[in-house]
Protein chains: 4
Amino acid sequence: MTTGRRGARRSETARVAILAATVRLFATRGYDHLSIEGIAAEAGVAKQTIYRWWPSKGPLIAECMLEGMLLPGRFVPRDTGDVRADLAAWLDAIFGFLIDPTGESIFRSLISAAAENVEVGVRLRDSLGAASSLVERLGRGVEAGQIPPDAPLQEVSEALVGAVIVRALSRTPLAPGDPERLVDAVIGVHR
Amino acid sequence: MTTGRRGARRSETARVAILAATVRLFATRGYDHLSIEGIAAEAGVAKQTIYRWWPSKGPLIAECMLEGMLLPGRFVPRDTGDVRADLAAWLDAIFGFLIDPTGESIFRSLISAAAENVEVGVRLRDSLGAASSLVERLGRGVEAGQIPPDAPLQEVSEALVGAVIVRALSRTPLAPGDPERLVDAVIGVHR
Amino acid sequence: MTTGRRGARRSETARVAILAATVRLFATRGYDHLSIEGIAAEAGVAKQTIYRWWPSKGPLIAECMLEGMLLPGRFVPRDTGDVRADLAAWLDAIFGFLIDPTGESIFRSLISAAAENVEVGVRLRDSLGAASSLVERLGRGVEAGQIPPDAPLQEVSEALVGAVIVRALSRTPLAPGDPERLVDAVIGVHR
Amino acid sequence: MTTGRRGARRSETARVAILAATVRLFATRGYDHLSIEGIAAEAGVAKQTIYRWWPSKGPLIAECMLEGMLLPGRFVPRDTGDVRADLAAWLDAIFGFLIDPTGESIFRSLISAAAENVEVGVRLRDSLGAASSLVERLGRGVEAGQIPPDAPLQEVSEALVGAVIVRALSRTPLAPGDPERLVDAVIGVHR
DNA sequence: TCCTAAGCGAGACGGTACGTCCGGTCTTTGC
DNA sequence: GCAAAGACCGGACGTACCGTCTCGCTTAGGA
């Protein structure tokens with residue numbers, strides 16, 4: 001009949017304060033100048049309270065991402081019936097986020113975090129939609145006859161997300177027409 | 001009559017020892033567990049000798065890459081006349097390098113380094129061929145009529161390189177047929 | 001009509017478990033590596049149960065001493081009629097306890113505790129007999145004409161106890177004849 | 001021809017600052033509320049600079065004592081020809097130091113430190129003169145016929161020093177005549 | 001029989017200090 | 001003037017305890 005759980009419960013206040021502080025410092029300092037000690041101070045929390053619930057800063061970032069505190073909206077592509085336009089708009093949204101220096105810094109820091117921590121890597125890919133929403137949109141493009149039926153959709157979406165990452169890593173500024181060209185690169189020009 | 005340059009010249013021995021030690025530790029410990037102090041000890045060199053010539057570990061890694069000490073061969077795609085086969089072979093070479101845990105660790109660490117340091121980012125992209133050899137090979141594919149003439153080659157190569165990076169970040173193991181599918185994703189299925 | 005005392009009474013089980021655990025850890029770790037947290041764990045008790053009844057580890061140690069759990073027998077000198085022999089035997093008993101490394105460690109830790117906490121200091125002095133039994137034995141030595149009638153007995157017993165403490169602090173191993181020499185030092189050689 | 005020693009020398013400035021800070025904090029906070037971290041902050045020094053030269057706070061205190069920064073003058077007894085008066089004066093000097101709350105606190109902390117660290121224990125005993133100057137003075141008392149020739153001088157001096165320690169541990173305030181009584185306790189009344 | 005106060009275990013929390021590692025800078029000596 | 005050796009200040013690491021607190025349960029009068 002009993003829950004078997006005695007003692008004080010985990011403080012939601014502390015948890016939220018930690019995540020918020022993490023986001024704040026992550027945006028300003030970047031992933032590897034991010035310190036647990038700094039987060040604790042910023043959050044007004046004891047270091048041990050962080051270590052009690054997260055083994056390191058990797059999973060902490062992952063949880064921030066899960067809560068949608070790092071990337072806006074999860075970048076789900078629209079469906080207006082025109083795949084090419086929808087994907088270009090999706091890329092525009094992402095690059096719009098990257099034009100802001102803060103956004104760009106967060107994004108590159110996320111890549112850094114992903115390189116160190118699988119969990120972050122998977123979540124980053126998924127946040128951009130590579131796992132579900134993007135593939136689904138491509139699937140509807142196939143149904144609409146705008147994409148060849150035997151196109152490897154998973155790989156196409158990986159390539160799209162990858163192109164965004166390459167741009168971020170090489171700090172290549174976005175030129176007009178680039179989103180369309182990237183879409184053309186993966187779903188073909190004349191289809 | 002002289003240029004006035006007096007005193008000892010930079011020790012090539014020390015320089016090489018430092019680069020070699022960097023590569024060794026980079027492969028085992030990864031980018032951000034890489035320490036200048038550790039490199040100095042491993043190289044049998046004073047810390048100051050490193051700081052005298054490199055401002056931080058980013059450019060140090062960049063120099064290692066320039067010297068071809070981190071990525072093998074620079075991954076130049078062949079030209080057998082069949083673009084699809086050539087690109088698949090190129091991907092096979094890269095993924096072959098990534099199958100080895102050491103290679104995979106180096107690659108992810110490079111991504112991490114790239115996220116911090118533009119120079120590394122650009123060199124990483126170029127080492128994979130995105131800037132020249134890959135685009136050139138795609139160009140010859142266009143000439144051979146295997147790729148539509150108006151395909152955005154720069155973007156195609158970025159998407160290819162990006163796909164590799166996404167795979168590395170999400171630690172997705174390579175399945176048989178994946179290289180071909182990736183190539184199909186960017187140059188079309190039925191061409 | 002009643003005092004109005006409601007609720008559960010203090011658990012004797014917990015009290016005894018705490019004192020026993022304290023003695024155990026005190027002997028092995030020493031006074032200032034002794035932690036309330038460690039005692040609680042060792043005793044299978046909640047920390048708060050300790051803090052409810054003792055303000056700090058000083059009084060906890062004092063209570064252990066009061067219960068006779070730390071020093072054996074309270075070191076009461078015998079009375080065979082020969083003061084010199086009786087005091088030497090008393091010293092032998094104490095030094096016998098100090099020869100054992102555990103006993104020596106306990107004794108030094110008690111000195112440490114005494115330096116921090118008056119209560120412990122007084123109890124330590126009394127446990128060795130300086131306040132009552134030792135002075136009484138000296139008094140009977142005076143009556144028997146073995147000690148000059150105007151000897152300051154209180155000070156003599158302090159000096160004796162003090163000599164033991166000095167030996168413990170400087171870890172001077174006991175040589176044969178030392179107890180007799182110490183007795184001679186305070187009650188004279190030829191009396 | 002060479003000394004074989006390269007690199008910067010130990011900073012005397014830092015060493016002295018550390019010792020001074022230690023003395024300052026030792027006097028105010030006592031031995032076991034003394035923290036390496038606090039000393040470093042007080043001295044304006046990095047923690048590592050302390051750990052580089054001292055393994056723990058015990059030897060640090062010992063060095064302070066060696067430098068005469070903790071106990072004044074080393075308490076060497078005078079020689080006016082009258083042992084009893086000289087020893088009483090020596091006790092007066094010590095108890096005079098103990099009347100001051102700061103002095104008393106330092107002394108008790110030293111006992112605490114001595115209980116933990118042999119080196120401190122030996123130095124504390126020696127600082128009070130038990131090893132040399134006190135025994136020598138007693139020796140001259142024997143030559144002058146004021147002390148029986150077969151009195152165990154080493155033990156007598158230990159008993160004297162011990163009596164002081166017992167007083168300190170039990171916080172017994174000094175009454176008039178106490179120094180004389182203590183001297184009488186160890187060198188006899190009517191000799 | 002309920003009510004209520006207290007004891008108790010468990011354990012989270014804000015803190016302080018631990019002892020270690022490394023970042024960069026500086027000094028000393030030798031080549 | 002470069003390079004080794006290495007001391008130095010600073011800052012973060014991850015761990016151990018501090019003393020306080022909250023929680024759910026048990027114990028035992030008083031209503």
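Chain naming here is simple, since letters A, B, ... match the order of the sequence lines and numbering starts at 1 in each. Hydrogens, waters and symmetry mates are skipped; everything else that's a heavy atom, side chains included, is used.
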Check whether any side-chain heavy atom of [X] sits under 4.5 Å from a side-chain heavy atom of [Y], and report yes or no.
{"X": "A:P59", "Y": "A:P55", "value": "yes"}
{"X": "A:F107", "Y": "A:E104", "value": "no"}
{"X": "D:I106", "Y": "D:V23", "value": "no"}
{"X": "B:I18", "Y": "B:W54", "value": "yes"}
{"X": "B:L34", "Y": "B:L60", "value": "no"}

Check this one for me: any side-chain N or O of [X] less than 4.0 Å away from OP1 or OP2 of [N]?
{"X": "D:R9", "N": "F:dC8", "result": "no"}
{"X": "A:R6", "N": "F:dG24", "result": "no"}
{"X": "D:S11", "N": "F:dA7", "result": "no"}
{"X": "B:T49", "N": "F:dA4", "result": "yes"}

* Asked: Heavy atom of residues 17-40 of chain C under 4.0 Å from DNA chain E: which residues?
  -> none
* Partners meeting salt bridge (charged side-chain N to carboxylate O under 4.0 Å, His left out) with D:R52 (sequence neighbours left out) -> none
* Asked: Quick one: salt bridge (charged side-chain N to carboxylate O under 4.0 Å, His left out) partners of A:K57, sequence neighbours excluded?
  -> none
Would you mind writing out the side-chain donor-acceptor pairs for residues 111-120 of chain D within the sub-3.5 Å range, not counting sequence neighbours?
| unit_1 | atom_1 | unit_2 | atom_2 | d |
| --- | --- | --- | --- | --- |
| D:S112 | OG | C:S112 | OG | 3.3 |
| D:E116 | OE1 | D:Y31 | OH | 3.3 |
| D:N117 | OD1 | D:E119 | N | 3.0 |
| D:N117 | OD1 | D:V120 | N | 3.2 |
| D:E119 | OE2 | D:R123 | NH2 | 3.3 |

* Give me the residues of residues 50-60 of chain D where at least one heavy atom lies under 4.0 Å from an atom of DNA chain F, by number, or none. => D:R52, D:W53
* To do: Go through the structure and list residues passing side-chain contact (heavy atoms from CB on, under 4.5 Å) with A:E67, not counting sequence neighbours.
  => A:R15, A:L19, A:E63, A:M69
* To do: Would you kindly give the NZ-to-P distance between D:K47 and E:dC22, to the nearest whole Å?
  => 15 Å
* Asked: What nucleotide, of E:dA17, E:dC13, F:dG10, holds the atom closest to the side chain of A:A14?
  -> E:dC13
* Between D:G7 and D:V45, name the one whose nearest nucleotide on DNA chain F is closer to the 5' end. => D:G7
* Could you check C:A43 against A:E12 and say which one's nearest nucleotide on DNA chain E is further toward the 5' end? => C:A43
* **Nearest-nucleotide comparison on DNA chain E, the residue closer to the 5′ end among C:G44 and D:A8** => C:G44
* To do: Please evaluate the base of E:dC13 for a donor-acceptor partner in the side chain of A:Q48 within a cut-off of under 3.5 Å?
  => no
